[in-house]
Amino acid sequence: MPQVTLVEAVNMALTRAMSEDAGVVVLGEDVGVDGGVFRATLGLLERFGPQRVIDTPLAEQLITGMAIGMAVEGLKPVAEIQFSGFAYICIDQVLNHAGRMRHRTQGRLSCPMVLRTPCGAGIHPPEHHSESPDAMFAHVPGIRVVYPSSPRRAYGLLLAAIRDPDPVVFLEPTRLYRLFKEEVDDDAKALTLDTCFTLREGSDITLVAWGAMVHDTLQAAQRLEQEGVFAEVIDVATLRPLDMDTILASVAKTGRCVIVTEAARSGSFAAEIAANLAEHGLLSLFAPIARVAAYDVVVPLSRLENVYLPDTERILAAVRKCLAFG
Amino acid sequence: MAIVGRFEIESRQYLDLHGRALEPVPAAAREPQLLVGLYRQMVLARSFDQKMLALQRTGQLGTFASGVGKEALDIGVGSAMQRDDVLLPTYRETTLQLARGVSMLELLLYWGGDERGSDFAVPRGDFPVCITIAAHCCHAVGVAYAIKLRQQARVAVCVLGDGGTSKGEFHEALNGAGTWRLPLVFVVANNQWAISVPRKVQSAAATLAQKGIAAGIPSIQVDGNDLIAVREVALEAMARARSGGGPTLVEALTYRLSDHTTADDATRYRNADEVAEAWQREPIGRLRNYLLELGAWNKAEEEALLKSCNEQVQAAAQAYLDHPAPSPAQMFDHLHAALPAAWSAQREAAMARKTADAAGHAG
């Protein structure tokens, strides 16, 4: 089995999906000759040709809107928005059209498309290249929001997203694109959507994260284990629809929960998880739910990026406070 | 100095304001049976439009966007399309939807606040109306791309208004359609008003057609109130698209004789003289005069047609009023192919609410 990075796993899944289904097309800015600015689409043009690997004009609403048209017409478009900061303009198309098409035609038309975009901070890029719009997309009815955190999950979840009969926003953690490698078998097997993944079992506290923060959260759990604290780590993976059952079952066991997100704190997706825990799991809790999040500020330019982002130390501090409560 | 670009926009008209033919007339003008059939559709569409307004005014229909005055545009374009082409309409193309085969009952259901109205029995592949201005121009590019990829001889037809030509998505779509030479016809129904904003405030461009020139797209203006001209121009554009010649932009000049919607009062921003003058150019009387002059139509046929139209729209309205209210399940059952487990409790909660909670036909 090859050892691959997360972005290579994305490429493997795209190659696999295009091989198995002639209806799958890839479109976006620089996805063809250049193989995408992160090389997620490397080699696809040579293998599948310019009709299916489409370098578009520089127009994000067109990319999103034409993916909708293609999907309604029966293709399986996988559209790439180069950076998530450029995806905000696409929210209208996703919200008003992709997410509504099946419903407003009562099943007559559907929209099986995937909108991929790199997401999150931590690679010291220019302005607008570090955004975390996960909660905005997760608020949109009729779509799924998927956010893998490892090469294996990127491969399996992207295959699942492409095969899904409805629109999926697929957020890729830019910081993890090349941070580590993992063995990924190109076996065409999709992972299950709409479910959390329990990455590490533990009895003392539940740590919930998604995207790049899963990496830091796992590191925190390792440190805790050295101190004799066993943390259960849950990767949410699909933000919409949210699998609360897994999180509630874990918290019923541990009685404590820290939720980690790299998005700005207020109105972040951590709030949705915390609210659900308060509604359905309050009596399991021995301590208040804690959120570790970015500050409620504009994502800073690169010099302050590491101060802005939550890290292992901040996660550990929240965990210790939670464990010490009561 | 070198001139590196020039353009000109052709404008087409075959019937003058009184319905007299201007030479040279196209072949269709010599086909009275065809024209009578299209004339009947136009009259039926106007009867239906009036019925929609009456239902709204009596609290039996939701907000409605009348299409009175653009029947030639809609029927002309519709008659140039083939069954398996794809229409991407706005909310003002009710008449064009009728021409495509959408039923009056379905249209009434939609405007009456019931999603079942966009589940057309035919044509299964047409898009529901686009409310957010010009967003569907980008969808049309995707549809046309899919058609071209599969080497099919079908065409996507995207209709928008004059206001829509100010939107970025219109320009992004034109640009993409031109780049890939897609089988796509954009029809700008220029009715001179975008709610309260007149055409001259919308753009400094002399024509809206010329916006296509910048995208490398053949572009033409037509008298949108002249059925023969609209049909002819649409047929040419469709033939170009079908034969691999790429997209066309058609600017069809018409006039919004109604308010923007039933929620609007156009007397706040435009004067009665302008509207009265526009009525002199409306399309139905013009075609009727031509057919009368041709001897292809007479007063008795006109009376019989009006009676028949009235009966058809009355029957459709009754079927709509008798239609059972939607189940709350409508909100959930087509959100996804299968409802995710996360929302099954919400569906149960909605189903448990009394059906009386579903609002009446007034929306």
Side-chain angles (χ1 to χ4, degrees), chain A residues 22-23 25 27 51-52 54-75 77 79 89 92-93 95-113 141-144 164-167 193-195 238 240-245, chain B residues 86 88 110 114-121 124-132 134-150 152 154 156 158 167-169 171-180 182 326 330-343:
Chain A
V25 297
L27 65 152
Q51 276 78 40
R52 292 178 63 200
I54 307 157
D55 269 326
T56 64
L58 208 166
E60 285 83 7
Q61 284 168 292
L62 174 66
I63 292 167
T64 315
M66 76 181 279
I68 292 168
M70 288 170 152
V72 169
E73 190 55 36
L75 296 180
I89 199 168
D92 168 66
Q93 285 283 358
L95 195 157
N96 283 319
H97 298 282
R100 297 174 76 106
M101 193 60 77
R102 181 186 289 278
H103 166 70
R104 66 192 299 252
T105 59
Q106 290 292 287
R108 180 171 64 86
L109 302 177
S110 62
C111 193
M113 63 176 277
I143 67 162
R144 283 186 161 79
D164 193 83
D166 291 303
L193 299 176
D194 306 358
T195 186
T238 301
R240 181 181 185 89
L242 174 62
D243 166 23
M244 267 314 288
D245 291 348
Chain B
V86 180
L88 297 100
Y110 175 73
D114 187 335
E115 304 282 9
R116 288 174 294 186
S118 294
D119 180 15
F120 318 141
R124 295 298 284 172
D126 277 12
F127 274 55
V129 297
C130 185
I131 305 282
T132 61
H136 65 317
C137 297
C138 296
H139 307 163
V141 173
V143 170
Y145 193 99
I147 289 171
K148 184 168 183 176
L149 182 71
R150 291 165 163 162
Q152 297 168 332
R154 300 161 62 217
C158 179
K167 292 271 290 194
E169 280 158 311
H171 291 275
E172 290 190 13
L174 279 180
N175 189 53
T179 299
W180 291 305
L182 297 179
Q330 185 178 91
M331 295 188 285
F332 293 90
D333 289 354
H334 296 288
L335 192 63
H336 292 271
L339 186 68
W343 298 308

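So that the names make sense, note that chain A is the first sequence line, chain B the second, and so on, each numbered from 1.
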Measuring heavy-atom distances to chain B, does A/L27 have an atom under 4.5 Å in its side chain, in its backbone, in both, or in neither?
neither
Below 4.5 Å from any heavy atom of chain B, which atoms of A/T64 appear? Answer side chain, backbone, both or neither.
neither
Looking at B/I147, B/T179, B/D126, which one has more heavy-atom pairs under 4.5 Å with chain A than the rest?
B/D126
Most contact-rich option vs chain A, by heavy-atom pairs under 4.5 angstrom, among B/W343, B/F332, B/Y110, is B/W343
Can B/V129 and A/R104 be said to form a side-chain contact (heavy atoms from CB on, under 4.5 Å), step by step?
CA-CA 10 Å; B/V129 297; A/R104 66 192 299 252; 4.2 Å; yes
Pair count under 4.5 Å, heavy atoms only, with chain B: among A/H103, A/M66, A/R108, highest is A/R108
Tell me, out of B/R116, B/Q330, B/M331, B/H171, who's got the most heavy-atom pairs with chain A below 4.5 Å.
B/Q330
Would you mind checking which part of A/T105 comes under 4.5 Å of any heavy atom in chain B, side chain (CB onward), backbone (N, CA, C, O), both or neither?
both
Counting only heavy atoms closer than 4.5 Å, note whether A/D92 contacts chain B via side chain, backbone, both or neither.
side chain
For B/L149, is it the side chain, the backbone, both, or neither that has a heavy atom closer than 4.5 Å to a heavy atom of chain A?
side chain
Based on non-hydrogen pairs under 4.5 Å, which of B/A342, B/G125, B/A146, B/P128 is most in contact with chain A?
B/P128
Contact leader toward chain B among A/R144, A/R52, A/E73, where contacts are heavy-atom pairs under 4.5 Å
A/E73
Examine whether an atom of A/Q51 lies under 4.5 Å from a heavy atom of chain B, and if so say whether it belongs to the side chain, the backbone or both; otherwise answer neither.
both
After noting the C-alpha distance and the side-chain angles of A/Q61 and B/K167, does the key distance pass the side-chain contact (heavy atoms from CB on, under 4.5 Å) rule?
CA-CA 11 Å; A/Q61 284 168 292; B/K167 292 271 290 194; over 6 Å; no
One option among A/C111, A/G99, A/P141, A/P57 has the most heavy-atom pairs under 4.5 Å with chain B, and it is A/P57
Check: B/D119 side chain, A/G107 main-chain N or O, donor-acceptor pair, under 3.5 Å
no
What's the verdict on side-chain contact (heavy atoms from CB on, under 4.5 Å) for A/V25 and B/Y145, showing C-alpha distance, side-chain angles and the deciding distance?
CA-CA 11 Å; A/V25 297; B/Y145 193 99; 5.5 Å; no
Assert top hit (heavy-atom pairs under 4.5 Å, partner chain B, pool A/H97, A/R102, A/M70) equals A/R102
Side-chain (A/Q106) to main-chain (B/H334) donor-acceptor, under 3.5 angstrom:
no
The interface call for A/L109 against chain B, heavy-atom contacts under 4.5 Å, is side chain
Could you look at B/A140 and say if it's the side chain, the backbone, both or neither that has a heavy atom under 4.5 Å from chain A?
neither
Step by step, would you call B/H139 with A/Q93 a side-chain contact (heavy atoms from CB on, under 4.5 Å)?
CA-CA 9 Å; B/H139 307 163; A/Q93 285 283 358; 2.7 Å; yes
At a 4.5 Å cut-off on heavy atoms, which part of A/M101 comes close to chain B: side chain, backbone, both, or neither?
side chain
Nearest heavy atoms of B/E172 and A/E60, plus distance in Å
OE1-N, 4.1 Å
Roughly how far, to the nearest 0.5 Å, is CG of A/D164 from NE2 of B/H336?
8.0 Å
